[in-house]
2 protein chains.
Amino acid sequence: MGTIREVMHKKIRTISLLDMPAWLYQAESLPNRNFITNSEKELIDLVRKYGEFSKADLVAFTDYSRTKITSCIQSLLNKKILITNNITEYSGGRRSKTFSLNGNLGLVAGVDIGATSIDLAIADFSGKSLVRFSEPATVKDGPIKILGRACSLLEKMLKENDLSPEKMNGIGIGVPGPVDFSVGTLVSPPIMPGWDRYPIIQTVQQWFPSANVVVDNDVNVMALGEINQGAGKGVDNLIFVKIGTGIGAGIICEGNIYRGSSGCAGDIGHISVDKSGPLCHCGNRGCLEALAGGPAIAERALMAAQAGKSPILMRYYEMNGQVLHTEDVGDAAREGDAVAIEVIRESGQYIGDVLASLVNFYNPEMIVIGGGVRNLGNLLLSSIRQTVLNRSTSLATRDLHIVFSETGPDAGVVGAVNLAMDYIFTLSEGSADPTGE
Amino acid sequence: MGTIREVMHKKIRTISLLDMPAWLYQAESLPNRNFITNSEKELIDLVRKYGEFSKADLVAFTDYSRTKITSCIQSLLNKKILITNNITEYSGGRRSKTFSLNGNLGLVAGVDIGATSIDLAIADFSGKSLVRFSEPATVKDGPIKILGRACSLLEKMLKENDLSPEKMNGIGIGVPGPVDFSVGTLVSPPIMPGWDRYPIIQTVQQWFPSANVVVDNDVNVMALGEINQGAGKGVDNLIFVKIGTGIGAGIICEGNIYRGSSGCAGDIGHISVDKSGPLCHCGNRGCLEALAGGPAIAERALMAAQAGKSPILMRYYEMNGQVLHTEDVGDAAREGDAVAIEVIRESGQYIGDVLASLVNFYNPEMIVIGGGVRNLGNLLLSSIRQTVLNRSTSLATRDLHIVFSETGPDAGVVGAVNLAMDYIFTLSEGSADPTGE
């Protein structure tokens, strides 16, 4: 049985990991850095999630007394974490003041590093996006070049918009590989030479010393974007499946990213679908990724085309200069090409087979499909749906929604901003009320 | 985006579900039933998890001020939820008083309804088991007979031990089928005629009106037993796999049971392992249960024996009167029978194949194997381990433990007691500090 000393040890590690960001204890000259109470944290979480609120809302909602709410709001106003909105709103004949998060408190940035692109956004503390930028980049160029490029772009974006680099309080970064979240490094990423255990946080902090930098797997970040600003808004238990060159899942459990015990939860691309299937780059046979990833789909279509079964696909192949892209398969299917339709249907079945198992195990409320193969369209989606419905238990599929991502190509960068915000506001574990109230 | 009104609506549903138990608001004559503060709840959770503690431990551990801790402890002593232990313990030369949960506050019962047995336990509020009883029973007899039998046994156990039925504050019940946790009923259980949507809670409350009754799937309950008193103590993310007549999993996520969005998470018995495999009672082919459940293991061994491949298994078959049990396969393997060894190894591979997928997806810290096939021994366990190691990603298996259950046949009843205790103490969501502190 764990003794209280053991628990304390564990607790101390937790606190050091989620250290309070500089801006918070610089904001006031209090000697005790733990100056946000649990109740104040609760109000901050509410306003982050649901926007502005009035005192009456909070009294009804939180079960705190009116006195307590009044003192919490006042304290958060003093700390400049909340601001008062003088929006006129009639409630029982009286105008009620509302409160919301102080956007001017600081800036956060989201950086989405993809295999072939960098996406960036800068937002204020109310979550409002201020600047957005994207450019092509090859992740294989390695961390020094890619992170350098991302940071100098951020600097440029700040400068061009008259935003102060000192106000940059949080930077969330999504990267396309397995991440050890506790230290913020990639772990043996398969297609990213030079990134293995590279100190991303420390590198970015050279550019932005005031920022709390947090790194996560791109799919986790996309899942976060989807529950904050996409199809999954308000959904507690969700699986976001990214199907592109690789296949991975981001798991939302009770409203938060679930990372698993080593931080690699959601790595579904190497789940075995067909033991005698094609060889995967991981060394096993018949992994989902080797059967239903973008390249696998294009490859199967090309083989059929080269066997003379699809003049339409062959036309795309010649048009591209002897290359067939995954999108071409989607376009050919929309033209009615039987081979393309069959390849897409079959890919949906492979994906559906894996998801059917995960639905039985995890019983999510929603599965969101995102990533490059989105453009294969409803044919893919309906094949996935049908397979899951056939193979999962009826109780697990009764209220299950399987939908395409609504954030689309923005999922990553939107999620990265949310990741940074979440990180900054993850304070409650080390906080307490120093006044002894 | 969810408005604050929508959240409030959700919140209200939460409160009514987890209504405060009668004993708590009867304990004091306060007009406000929400009289346990969040901080007090935090101390209660700590003492439930780690036993007794001193004031100094709490000050160091919780980050609350000494003043705050002192007033919380005093308040919980007044409410008779805590008691003072005068155990002499030297800390820096001074004796320090310790506090623990008041066992006399009430009683909880755990009821584990299996396919062929009822297991019962009565414990006090400190979690100490006071009485324990088991008897054979057939769940197919239906809810009226089985629940009646369980309740009259509980009454008898109370009476024989001079325990008052009015002190029965919580009853946790584990049942061998899919449960809609929000209403506490079974949903289309495959082998339990009469149990579908039968009002278990209301029935048991006819016997024990003072009790808060909570019903969950037997495997969830076993998982809870395992993290409280078994191999999984202190583990945050765990999968408990019960392999008996059926196969199911209980999922522990960040220390709590994860039930999924319809309450049926963990239903892994019907995950497809071999699409051309044997027909399962669910209607699909090649479900894990149809390949590696107890009956499937015995069946495959019997077929080999009847084909003349194993005189040892044939001997067991004749000895039992033309029946081969799963245990016989384990015994034959221990005698060195090659067929039995191969059947067990193969079953471990089927189970390992499914677990390998789940390890990639969920990245648990520990998988606990329990249920009837435990007695197939280390051969089964090593086959499962080997398959998972071969098929899961190296990051996900780096710190993964795959072990047999330590609570063994007690897992269900121990877990049911914990389920009842958890339910009783799940108060924080509706609680607040009425004094406005």
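Quick note on labels: first sequence line is chain A, next is B, and so on, each numbered from 1.
- Note: A:Asn237 CG to B:Arg259 CZ = 12.0 Å, rounded to the nearest 0.5 Å.
- Ranked by heavy-atom pairs shorter than 4.5 Å toward chain B, the options A:Thr393, A:Leu400, A:Val354, A:Ile251 are led by A:Ile251.
- Within the model, atoms CG of B:Leu288 and OG of A:Ser357 stand 10.0 Å from one another, a figure rounded to the nearest 0.5 Å.
- Of the two parts of B:Arg391, the backbone and the side chain both hold a non-hydrogen atom closer than 4.5 Å to a non-hydrogen atom of chain A.
- With hydrogens and angles ignored, the 3.5 Å screen pairs a side-chain donor or acceptor of A:Asn363 with a backbone N or O of B:Gly263.
- If you take CG on A:Asn360 and SG on B:Cys287, they are separated by 8.5 Å, rounding to the nearest 0.5 Å.
- Within the model, atoms CZ of A:Phe361 and CG of B:Asp267 stand 11.5 Å from one another, a figure rounded to the nearest 0.5 Å.
- Heavy atoms of B:Asp353 lying under 4.5 Å from chain A belong exclusively to its side chain.
- A:Gln229 does not touch chain B: none of its heavy atoms, backbone or side chain, sits under 4.5 Å away.
- Between chain B and the residues A:Ser261, A:Gly266, A:Gly260, the most heavy-atom pairs under 4.5 angstrom are made by A:Ser261.
- Both the backbone and the side chain of B:Ala396 come within less than 4.5 Å of a heavy atom of chain A.
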- Task: Take A:Glu254 and B:Asn256 through the side chain to side chain contact (heavy atoms under 4.5 Å, CB included) test and state the conclusion after the steps.
- Result: CA-CA 11 Å; A:Glu254 313 297 355; B:Asn256 297 305; over 6 Å; no
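- Under the 3.5 Å distance criterion, the side-chain polar atoms of B:Tyr258 are matched with a main-chain donor or acceptor of A:Tyr362.
- You'll find the side chain of B:Cys253 reaches within 4.5 Å of the side chain of A:Cys253, heavy atoms only.
- Neither the backbone nor the side chain of A:Ile69 has a heavy atom closer than 4.5 Å to any heavy atom of chain B.
- Residue contact with chain A, scored on non-hydrogen atoms closer than 4.5 Å, involves the backbone and the side chain of B:Cys264 alike.
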